[in-house]
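As the structure is a prediction and not an experimental result, all values here were calculated from the model. Below, all heavy atoms of this structure are taken into account, side chains as well, without hydrogens, waters or symmetry copies.
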Amino acid sequence: MPENVEKTVLRAPFAPFPRGLLTGSPSLSPRPPYHVTNRTGATTMKRLADYATAPSPVKLPGIFASALRG
């Protein structure tokens, strides 16, 4: 991971599914791991970071399972 990062900008849909359909904005399903109402966001992001540092197909089922539980 980058060191000494002071600011990060993330651009993505804010309204989760199905509320995004009502506002006309695109939405992501399952709920994005960075969204405040995602229950497994911390676990999913940790697994994604581990995958980013050492990619392996063995890690993908754990990432998908955690994301779908969110």
Side-chain angles (χ1 to χ4, degrees):
M1 301 302 289
E3 294 181 20
N4 301 323
V5 175
E6 294 184 17
K7 182 177 180 181
T8 302
V9 177
L10 176 67
R11 297 182 188 270
F14 185 73
F17 181 82
R19 195 173 65 206
L21 293 176
L22 300 175
T23 62
S25 66
S27 62
L28 297 174
S29 184
R31 190 171 292 139
Y34 54 82
H35 202 269
V36 295
T37 58
N38 189 319
R39 297 179 309 247
T40 61
T43 304
T44 304
M45 293 304 285
K46 182 184 179 318
R47 290 180 181 178
L48 283 170
D50 290 343
Y51 179 78
T53 57
S56 170
V58 175
K59 296 179 182 179
L60 291 177
I63 294 170
F64 291 136
S66 179
L68 291 174
R69 273 183 266 134

- Could I get the full list of salt bridge (Lys or Arg N to Asp or Glu O under 4.0 Å) partners for Lys59, not counting sequence neighbours? none
Solution key, residues 61-68 side-chain donor-acceptor pairs under 3.5 Å, sequence neighbours excluded:
unit_1 : atom_1 : unit_2 : atom_2 : d
Ser66  : OG     : Thr44  : N      : 3.4
Ser66  : OG     : Thr44  : OG1    : 2.6

- Can you list every pair that meets salt bridge (Lys or Arg N to Asp or Glu O under 4.0 Å) and has a residue in residues 40-51, with sequence neighbours left out? Lys46-Asp50
